[in-house]
Amino acid sequence: MADITAIGEVLIDLTQFGVNEAQVPLFAANPGGAPANVAVAASRLGVPTAFIGKVGEDSFGAYLRQVLTDNGVDVSRMCTSSNPTTMAIVAVDSAGERSFQFVRGADCALMPEEVDETLIEDSKILHFGSVSLTRGIARSATIHAARAAHKNGVLVSYDPNYRPALWNTERDAVEWMILPLPVVDIIKLSEEELPLLTGCTDLEEGSRKLTELGISLVLVTLGGAGSFCRWRDECFTVPGVPVKVADTNGAGDTFFGAVLSRLCRRGRKPLEGLERSELEEILHYANRAAALTCSRSGAIPAMPTAAELEGGVM
C-alpha cells in the first residue's frame with residue numbers, strides 16, 4: 001500500500017551538462033517528470049509511494065520504469081503506449097537556471113479507465129501537476145483521479161508547474177490550471193505561478209484567495225530565499241539553505257516530496273492537528289532537501305535520502 005500516489009508524466013530530461021571542445025552542448029538522458037520526481041523524492045525519504053502514468057514501448061520507457069522501481073516506487077499501475085516516451089530538453093545557464101522544450105508522447109495518452117481508483121482510495125495523498133492537463137486524454141484521467149481522491153477523503157496535493165512551451169496561450173493555461181482547485185487540499189507553487197492563479201503578486205493576499213477556494217495548505221517556493229506558507233490563516237516564511245548551485249532541476253519536486261513525506265508520517269489524516277511549530281520544522285527539512293538537490297546535477301539522481309538529511313548533510 002502506498003502512502004502517496006502520484007499521477008502524471010514521467011519522462012526523459014535531456015539535460016545539458018556542458019559543452020565539448022567544439023562548444024557543442026552535451027546532454028545527459030536523466031529520468032524526470034514532476035509527479036514522478038515527487039514520488040521518488042518521498043520514497044527516498046522513507047515513505048511508500050506509487051506512480052500512475054504512461055511511457056512508450058521503447059528503451060527510454062523501460063529505463064524509466066526501472067529507475068522508479070530502483071527508487072522504491074510502485075509501478076504496477078504504470079502503463080505503456082505505442083507512442084514514444086516523452087522527452088523534455090533542459091538547457092542550463094551559467095547560474096543553474098533552466099529553459100525547457102518538450103517532445104510529447106506517451107504521457108498524453110493515459111486514459112481514465114487506466115486509473116486505479118482502489119490504489120488512490122488506499123493512499124493518504126494523491127499528487128498531480130498541471131503538465132498532464134496540457135493536452136490529450138491525460139487531462140481527463142488526471143481530473144478523474146483528483147475528483148475520486150477528494151470524494152473518498154484522500155488529501156489531494158497539486159503543483160501547477162507552469163511551462164509556457166506546453167500551452168497555446170497563457171489564458172488557456174490559466175483556465176486549465178485553476179480547474180482542479182476546488183478539490184485540492186495542498187498546493188505548492190512558485191512566486192511566478194501565484195499571480196497566474198490568483199491575479200495577485202502579494203504572497204499573503206494571493207494565498208488567501210487560494211484558501212477561499214477550500215485549499216488548506218498553501219506553499220510558495222522562493223528559490224534561495226526559502227519557502228512561504230499559509231496555514232490556518234497564519235502566514236510565515238522559512239528561510240532557505242545557502243548552497244553552491246549546480247542545477248536547479250528537480251528542486252521544487254524534492255521540496256514538495258519532502259513536505260508530503262513528513263506529513264504522511266503523522267498518520268492517516270496528515271493535516272489533522274498540525275501546528276505551526278511542527279509545520280515550520282517540516283518546511284525547514286524540505287528546504288534542506290531542495291538545497292541538497294540543487295548542489296548536484298540532474299533531477300532524480302540528485303535527490304537526497306533520509307540518511308543524508310538525518311545525518312546532517314546540509
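Excluded from the calculations below are hydrogen atoms, water molecules and symmetry mates; all remaining heavy atoms, backbone and side chain alike, are included.
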Checklist entry - Going through the distances and angles, do Ser130 and Asp159 end up as a side chain to side chain contact (heavy atoms under 4.5 Å, CB included)? => result CA-CA 7 Å; Ser130 63; Asp159 179 4; over 6 Å; no
Item to check | Residues Arg276, Glu280; criterion salt bridge (charged side-chain N to carboxylate O under 4.0 Å, His left out); working and verdict | outcome: CA-CA 6 Å; Arg276 171 173 171 165; Glu280 287 179 335; 2.9 Å; yes
Checklist entry - Can you check side chain to side chain contact (heavy atoms under 4.5 Å, CB included) on Thr221 and Phe256, steps first, answer last? => result CA-CA 9 Å; Thr221 53; Phe256 209 4; over 6 Å; no
Item to check | side chain to side chain contact (heavy atoms under 4.5 Å, CB included) between Phe236 and Phe228, intermediate numbers included | outcome: CA-CA 6 Å; Phe236 57 91; Phe228 168 89; over 6 Å; no
Checklist entry - Do Leu14 and Val103 pass the side chain to side chain contact (heavy atoms under 4.5 Å, CB included) test, and can you show the C-alpha distance, the side-chain angles, and the key distance before you say yes or no? => result CA-CA 11 Å; Leu14 286 179; Val103 182; over 6 Å; no
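His150 is linked by a side chain to side chain donor-acceptor pair (under 3.5 Å) to nothing, counting only residues two or more places apart in sequence or in another chain. The side chain to side chain donor-acceptor pair (under 3.5 Å) search around Asp107 returns Thr86, Arg104, not counting sequence neighbours. The ring-ring contact (aromatic ring centres under 6.0 Å, His included) check on Tyr158 picks up Phe128, with sequence neighbours excluded. Phe102 meets the ring-ring contact (aromatic ring centres under 6.0 Å, His included) test with Phe100; sequence neighbours excluded. Applying the salt bridge (charged side-chain N to carboxylate O under 4.0 Å, His left out) rule to Arg262 yields the partners Glu281; only residues at least two apart in sequence or on another chain are considered.
No option in Leu213, Leu210, Val218 other than Leu210 meets the side-chain contact (heavy atoms from CB on, under 4.5 Å) test with Thr198. Shown are Thr305, Thr49, Asn71; of these, the side-chain hydrogen bond (donor to acceptor under 3.5 Å, both in side chains) with Arg44 is made only by Asn71. Under the salt bridge (Lys or Arg N to Asp or Glu O under 4.0 Å) test applied with Arg266, the options Glu272, Glu275, Glu278 reduce to a single match, Glu278.
Using a 4.5 Å cut-off between side-chain heavy atoms of Ile, Leu, Val, Met, Phe, Trp and Tyr, Val19 forms no hydrophobic cluster with any other residue.
The salt bridge (charged side-chain N to carboxylate O under 4.0 Å, His left out) contacts involving residues 207-216 comprise Glu205-Arg208, Arg208-Glu212, where partners must be two or more places apart or lie in separate chains. Residue pairs that meet the ring-ring contact (aromatic ring centres under 6.0 Å, His included) test with at least one member in residues 202-225, sequence neighbours left out, do not exist here. Sorted by first and then second residue, the ring-ring contact (aromatic ring centres under 6.0 Å, His included) pairs with a member in residues 32-80 form an empty list; sequence neighbours excluded. Each salt bridge (charged side-chain N to carboxylate O under 4.0 Å, His left out) pair with one or both residues in residues 3-25, not counting sequence neighbours, appears once here: Asp3-Lys124. Within the structure, every pair that satisfies the salt bridge (charged side-chain N to carboxylate O under 4.0 Å, His left out) test and touches residues 52-61, not counting sequence neighbours, is listed here: Lys54-Glu114.
Within the 4.5 Å cutoff, no side-chain heavy atoms of Leu110 are placed close to those of Ile137. Looking only at side-chain heavy atoms (C-beta outward), Ile4 and Val47 come within less than 4.5 Å of each other. For the pair Val243/Leu292, no side-chain contact is recorded, criterion being any heavy-atom separation below 4.5 Å from C-beta on. For the pair Leu217/Cys229, a side-chain contact is recorded, criterion being any heavy-atom separation below 4.5 Å from C-beta on. A heavy-atom distance below 4.5 Å is not found between the side chains of Met111 and Ser140. A 4.5 Å side-chain heavy-atom check between Arg147 and Lys151 finds every atom pair outside the cut-off. When side chains are defined from C-beta on, Asn287 counts as touching Ser227, because their heavy atoms get closer than 4.5 Å. Using a 4.5 Å cut-off on side-chain heavy atoms (C-beta onward), Ile52 and Met78 make no contact.
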Under 3.5 Å, side-chain donor or acceptor atoms of residues 168-187 against the rest of the protein: list the pairs with distances, not counting sequence neighbours.
unit_1: Thr169; atom_1: OG1; unit_2: Asp172; atom_2: N; d: 3.0
unit_1: Asp185; atom_1: OD2; unit_2: Val156; atom_2: N; d: 2.8

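The closest side-chain donor-acceptor pair between Ser190 and Glu193 falls under 3.5 angstrom.
Heavy-atom contacts from other residues, nucleotides or ligands closer than 6.0 Å to CG of Asp233 number 12 or fewer.
In terms of heavy-atom proximity, Ala145 sits nearest to Ile7 at CB-CD1, 3.7 Å. Of all heavy-atom pairs spanning Ile300 and Asn37, the tightest one is CG1-OD1, 3.3 Å. The minimum heavy-atom distance linking Ala141 with Val115 is given by the pair O-CG2, 3.8 Å. Of all heavy-atom pairs between Thr248 and Cys294, the closest is CA-SG, 4.1 Å. Across all non-hydrogen atoms, the minimal contact from Ser216 to Trp231 is O-CE3, 3.4 Å. The minimum heavy-atom distance linking Arg139 with Thr134 is given by the pair NH2-O, 3.0 Å.
Separating the CG atom in Leu197 from the OG atom in Ser207 is a distance of 12.5 Å, to the nearest 0.5 Å. In this structure, CG on Asp70 lies 12.5 Å from CZ on Arg65, to the nearest 0.5 angstrom. Rounded to the nearest 0.5 angstrom, Leu274 CG and Leu263 CG are separated by 6.5 Å.
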